[in-house]
Amino acid sequence: MEPVTMAKAINLSLRDALAGDEQVLVFGEDVGTLGGVFRITDGLQKTFGVDRVFDTPLAESTIIGIAVGLALRGFRPVPEIQFDGFVYSAFDQIVSHVAKYRNRSGISMPITIRIPFGGHIGAVEHHSESPEAYFTHTAGLKVVAPATPGDAYALLRSAIADPDPVIFFEPKARYYMKEEINPSLEVPIGSARVAREGSGATVIAYGPTVSLALDAASAAEKENISLEVIDLRSLSPLDMPTILASLQKTHRAVVVHEAPVFGGFGGEIAARISDDGFDLLEAPVARVGGMDAPYPPSRYEKLYLPDVDRILEAVDVALAYG
Amino acid sequence: MEPVTMAKAINLSLRDALAGDEQVLVFGEDVGTLGGVFRITDGLQKTFGVDRVFDTPLAESTIIGIAVGLALRGFRPVPEIQFDGFVYSAFDQIVSHVAKYRNRSGISMPITIRIPFGGHIGAVEHHSESPEAYFTHTAGLKVVAPATPGDAYALLRSAIADPDPVIFFEPKARYYMKEEINPSLEVPIGSARVAREGSGATVIAYGPTVSLALDAASAAEKENISLEVIDLRSLSPLDMPTILASLQKTHRAVVVHEAPVFGGFGGEIAARISDDGFDLLEAPVARVGGMDAPYPPSRYEKLYLPDVDRILEAVDVALAYG
Amino acid sequence: MADVVQVVGTDDPVRPLFTAAGELKADARNGLGLDAAALRDLYQKMILIRRADQEALNLQRQGELGLWGQYLGQEAIHVGAVAALEANDWIFPSYREFGMAMCRGVDPAEMLTWFRGLSHGPWDPRKYAFAPLAVPVATQVPHAVGFAMGSRLRGSDDVVLGTFGDGATSKGDWHEAMNFAGVFKAPVILLCQNNHWAISVPLAKQTAGSIAERAPGYGFPGIRIDGNDVLGVFAAVRAAAERARRGDGPYLIEAMTYRMGAHTSSDDPTRYRLDSELQTWSAKDPIARYRSWLQGQGHLDDAAAAAIDRAAETMAEQMRSRLRAAVPAPAGEAIFDRVYERPPGPFIEEREEFEASLEGT
Amino acid sequence: MADVVQVVGTDDPVRPLFTAAGELKADARNGLGLDAAALRDLYQKMILIRRADQEALNLQRQGELGLWGQYLGQEAIHVGAVAALEANDWIFPSYREFGMAMCRGVDPAEMLTWFRGLSHGPWDPRKYAFAPLAVPVATQVPHAVGFAMGSRLRGSDDVVLGTFGDGATSKGDWHEAMNFAGVFKAPVILLCQNNHWAISVPLAKQTAGSIAERAPGYGFPGIRIDGNDVLGVFAAVRAAAERARRGDGPYLIEAMTYRMGAHTSSDDPTRYRLDSELQTWSAKDPIARYRSWLQGQGHLDDAAAAAIDRAAETMAEQMRSRLRAAVPAPAGEAIFDRVYERPPGPFIEEREEFEASLEGT
Ligand SMILES: Cc1ncc(C[n+]2csc(CCOP(=O)(O)OP(=O)(O)O)c2C)c(N)n1
Ligand SMILES: Cc1ncc(C[n+]2csc(CCOP(=O)(O)OP(=O)(O)O)c2C)c(N)n1
Ligand SMILES: [Mg+2]
Ligand SMILES: [Mg+2]
């Protein structure tokens, strides 16, 4: 197979899901004729018709609300939220219903909510948010974020096939990253991946920060520092065994995400490592993330977001500790 | 002064704020004639009139939305969200606007959003949530939660006087807790309080779990275990100096909140202690909280929520560690 | 330029049944195709659900229920609407539709376990085509519309009833769902139970407009009817349902009624409303009105009425004793069992630890 | 029972100015009290803001702006609405109201720094009574209503204009805010710029109903007008503003227009709309129409028109060069300065660390 972009991989994944299961429905703002503002749903309406791939009015709360109704009717809805910053008006439907409906009805909610997230695309306000911590804290949801085209393809298949609701975060800055993908490889929800092996310290990342962590590892190599990089892929549930196995080797961890550090998902990871891995750790778990300020105007996003230097600094501190 | 309930202390605090500053407005569902479903706003409309204390239509998003507009007009809005579980539909206005409006306009947002929160009141679904982690992760907000009538009075005065938006969480299960209050004592936002001194381990709590932590400390005393209890009062900003000072003595910490542990605010506290206090800690920071499941039917809430036994177990583990 | 005022509802089968004041016309009343037994059945159902309401209030006062939300005065809507639907037409209630659930055959004692704090949803919604209660106001309306969209996609001819209060019409979700219903021509009847109060907030402070009149703004018809007339409600819902079944899309019915009780057992309406208002509405009591009509028609004699009252007593007794006998599920099951269909590993571990910790207690 | 159809708008001063089709009546056109200079000024403003739109698009293509959202075709609304207001009547825009901001005196070069990624809000809203752009659709409508409620509480006679697109009317916030406006009789004009598209979603898929017709459901009047007629927009907004100033509450104006450009510079409308539609609307271009009317009235000769075009060129040149000269604020300031008025200690420390870390770079 030709190398494909992550955008294309997600498109193929949706296509295969639509083809494989008549109950799958794709809908949202501009996903039909236009094929989505990122062209993720390009051509799907043409192939599968307006009943299965359709545009909705501009109303995020009810885009999710009808997903609940459609799931009750036996469908497998895959709604799209156009940008991270617009999921907040759907928060009530997600937290109060999508996450809890099975718990009060016994009826499963096989809903996959796709959300392009993260920054580094030079956008205006509300288009570069990383809201994952709001969802990882919500019991009843599963939350995933692929970092590569192959994982995007496979994880989305797993998410849509899953009988429970999944928040599927797409790192939009990586939509144009290319690789060959193998559609028959499965990636179950809940399994992290060692993206690069190493021994000096473990860098834990997900979504858009994975390639950053890999860049940091390459840079570190030149200074003879060996970094292991873990791509979480799944945030909730969190694959602690893979993380702890890495710490058995490295004894040091740096967590990297784009969201502000305070109250971010890195806190959960760090707290869990510091607990389960208390005796393994030779340095505090470092967290590298966005500033504790609203996402800045795009000219400043590079400085606001984590970068290779900040990761390496955190690594240096961890290595020097003690 | 007679001992007053926390409900009354908050009522007095609102009353004094309304009397002291003409720009203060109190509004929300049922806060006028009825005086609020918990009677927190009892009598305020009578004293201050329907222009300053008013009922709104049933629409949380716009209750917060008009607060933004009123703040731009120079008012100091104090909207009420009737129950924790109903704040989610206002999430967009809070995250996208209340928290960020100053950042794009230079105009301050002296908005205090009151939210009764937490469980233990035997209520039906959506009335016992602890959504604080969704707000502590939101840059631009300050988040506080008093545990006593005196602090409720003083913190609310500070919140309303603050030029920035404050989420004011009221532990509804403690509304009927009584104590004498001194209206002239100030409690600045950002300052934790040592609720009980001790030396064996530090229990960190806020809102409804503070009295639980104190009960645990009393129970521990009988077994000759000395617990220090910290009442955070302010979640964001977080008073790390007070926490670290305590750990200098105890070297062990247990964090207690009602929200589910996974992704909860306890993760931030634990991560921060494990980082800043790495060399102080003699045991992993324990977290005691709600289960990682939706809030259960009320018959089961006692088992779902942290209790004295679970705190003491965590303390025992921490003390036995090593 | 298009016309400023859009003409809607030329296909409106509901309006011709009603006067401009929203009252069922005399000829329509006789054309409902209900025989004496069916007419009596509506009466019996109203009596039963009112008795259940009273019993539940008693149980709450005795400490057997954590909360009770009376629907006293709204029985005509509960009974009339359900009777007008087919058994597989889903109903999406808010939290005050205990009477509707009873009409659907949900066991009242089982349902009361919701109010007793034993379960977030004691009945299987699929069995009764009756969705779980929705506490966050108006959030069920998008579910109803989505379900109806699904029916349409399936080519099925079932329709959906979404019901909500006057207060609910102020919420964004209500509006968004109304608009989706129109755009997707969803086979859904949107039934507002306008009982004049949202806790302490009276209708006039809830909106300065008219709820029924909002429908054309979404591209379908709406009507305001007398919600204390069980036959009027039946007629309106049936006509709207037939219309939807034919593929003509949604219909909004604003049924005017009155919440004769407190908002819930936690509420004290003397703080905000006048007794005189209650008196006025008592005179329009849906059951008394219907009884005298039935009697006038010769469809209900004293013996039949007494038998119905006895049946209600028996029902109440059973409800009481069966509620008291309700056995709470084990805590592990109640808290964890229904969260996920495919529970993640850490979740299973947490449950196991929890259950192990209970063993000592 | 109350009447099913509520009569609204007996106080409606806007409708008499317009035909049923939403066109400004000939007599109303002459009764606006605008002299030749004022009429020419409207023309000049439309030319200026269209030139600025074109210039911004060029700048975007040259890589000087990250994004541009054209308002080509909507100039009559921008200019007519602002001209109808007092300078201290606040305007709450969405994101396409660059032209309105210019009419308020906001420096276009400064404002473009928003699109250049230098600032989330380059102007002081208080100075221009012009709120920050609101990107999340419809979220500004509650702000507008809240501000207007505040004006009323203050006893001030300023009014507020909240403006939004057709797509925005599908959002819950829009509805909730409309309802609040009615309940609190807020002095607010709610101006829908119905340009027939929300990105790729055409009006017919956005709603099956009518936007203007929704107003009575909230207890105030509404009207659909020709939004490509600058005098019509002026007349409607002015009459609605006077009504609001008198204390008669909100008014909804749906101004029908067309988005002649792409949604934004990131969009490709050839994927979803027909050229023929664009052609149809080109024939109704608001500037061409107004120019021939002005010329017909003898208010604009060729020399004056040429002078206006030259002024627009000068403005464009200045805008270009001043934008290029815009000096970005230091990063610490841009990221941290305006978050809090009273920044917490840890926040100050984070800023200091950040600024220290930059010193090396
Ligand atoms: C979103 C939300 N906000 C607040 C509440 C608290 N609350 C429960 S019922 C109610 C009033 C609802 O009024 P209405 O829709 O007229 O229904 P009714 O109770 O009259 O049947 C309120 C405010 C809630 N359940 N949901
Ligand atoms: C809540 C929200 N959802 C999605 C978007 C992405 N988006 C930006 S503009 C737009 C269409 C808006 O259409 P309309 O309200 O008609 O305004 P117009 O762009 O035509 O001026 C969309 C979907 C957004 N900004 N906000
Ligand atoms: Mg009501
Ligand atoms: Mg539009």
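Letters go in sequence order (proteins before strands), and every chain restarts at 1. Because the structure is predicted, anything quoted here is derived from the model rather than measured.
Without hydrogens or angle criteria, H120(D) side chain to Y295(A) main chain gives a donor-acceptor distance under 3.5 Å.
Note: W114(D) CH2 to S298(A) OG = 10.0 Å, rounded to the nearest 0.5 Å. Taking CD of E349(D) as the start and CG of D292(A) as the end, the distance is 11.5 Å to the nearest 0.5 Å. Within the model, atoms CG of D267(D) and CG of D30(A) stand 8.0 Å from one another, a figure rounded to the nearest 0.5 Å. If you take CD1 on I335(D) and CE on M291(A), they are separated by 6.0 Å, rounding to the nearest 0.5 Å. Here E313(A) contributes atom CD and S357(D) contributes atom OG; the two are 7.0 Å apart, rounded to the nearest 0.5 Å. Here CZ of F354(D) is found 4.5 Å from CG of L303(A). Values are rounded to the nearest 0.5 Å.
Closest approach of P297(A) and A334(D) over heavy atoms only: CD-O, 4.4 Å.
For V201(D), the parts sitting under 4.5 Å from any heavy atom of chain A are the backbone and the side chain alike. Heavy-atom distances place the backbone of P330(D), and not its side chain, under 4.5 Å from chain A. Only the side chain of L67(D) comes within less than 4.5 Å of a heavy atom in chain A; its backbone stays farther off. At a 4.5 Å heavy-atom cutoff, Y95(D) makes no contact with chain A through either its backbone or its side chain. Looking at E350(D), only its side chain comes within 4.5 Å of chain A, counting heavy atoms on both sides. With a 4.5 angstrom heavy-atom cutoff, A138(D) does not touch chain A via any of its atoms. Within the 4.5 angstrom heavy-atom criterion, atoms from both the backbone and the side chain of Y300(A) approach chain D. For a residue to count as touching a neighbouring chain, one of its non-hydrogen atoms must lie under 4.5 Å from one of that chain's; by this rule F336(D) touches chain A with the side chain only.
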H263(D)/V37(A) under side chain to side chain contact (heavy atoms under 4.5 Å, CB included): CA gap, chis, key distance, verdict: CA-CA 11 Å; H263(D) 171 66; V37(A) 294; over 6 Å; no

Working for salt bridge (Lys or Arg N to Asp or Glu O under 4.0 Å), residues R271(D) and D42(A): CA-CA 11 Å; R271(D) 292 178 67 101; D42(A) 194 26; 2.6 Å; yes

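Interface check for chain D: of the options E29(A), H126(A), H127(A), the most heavy-atom pairs under 4.5 Å are formed by H126(A). Heavy-atom pairs under 4.5 Å with chain A peak, among G167(D), G172(D), S200(D), at S200(D). Interface remark: of the candidates P136(D), S119(D), P328(D), P136(D) forms the most heavy-atom pairs closer than 4.5 Å to chain A. The candidate with the highest count of non-hydrogen atom pairs below 4.5 Å against chain D, out of L34(A), D309(A), T62(A), is L34(A). For the options T113(D), T169(D), V339(D), I199(D), heavy-atom pairs under 4.5 Å to chain A are most numerous at I199(D).
Among the residues in residues 51-61 of chain A, those with a non-hydrogen atom closer than 4.5 angstrom to a non-hydrogen atom of chain D are D55(A), T56(A), P57(A), L58(A), A59(A), E60(A).
K205(D) NZ: more than 12 foreign heavy atoms inside a 6.0 Å radius.
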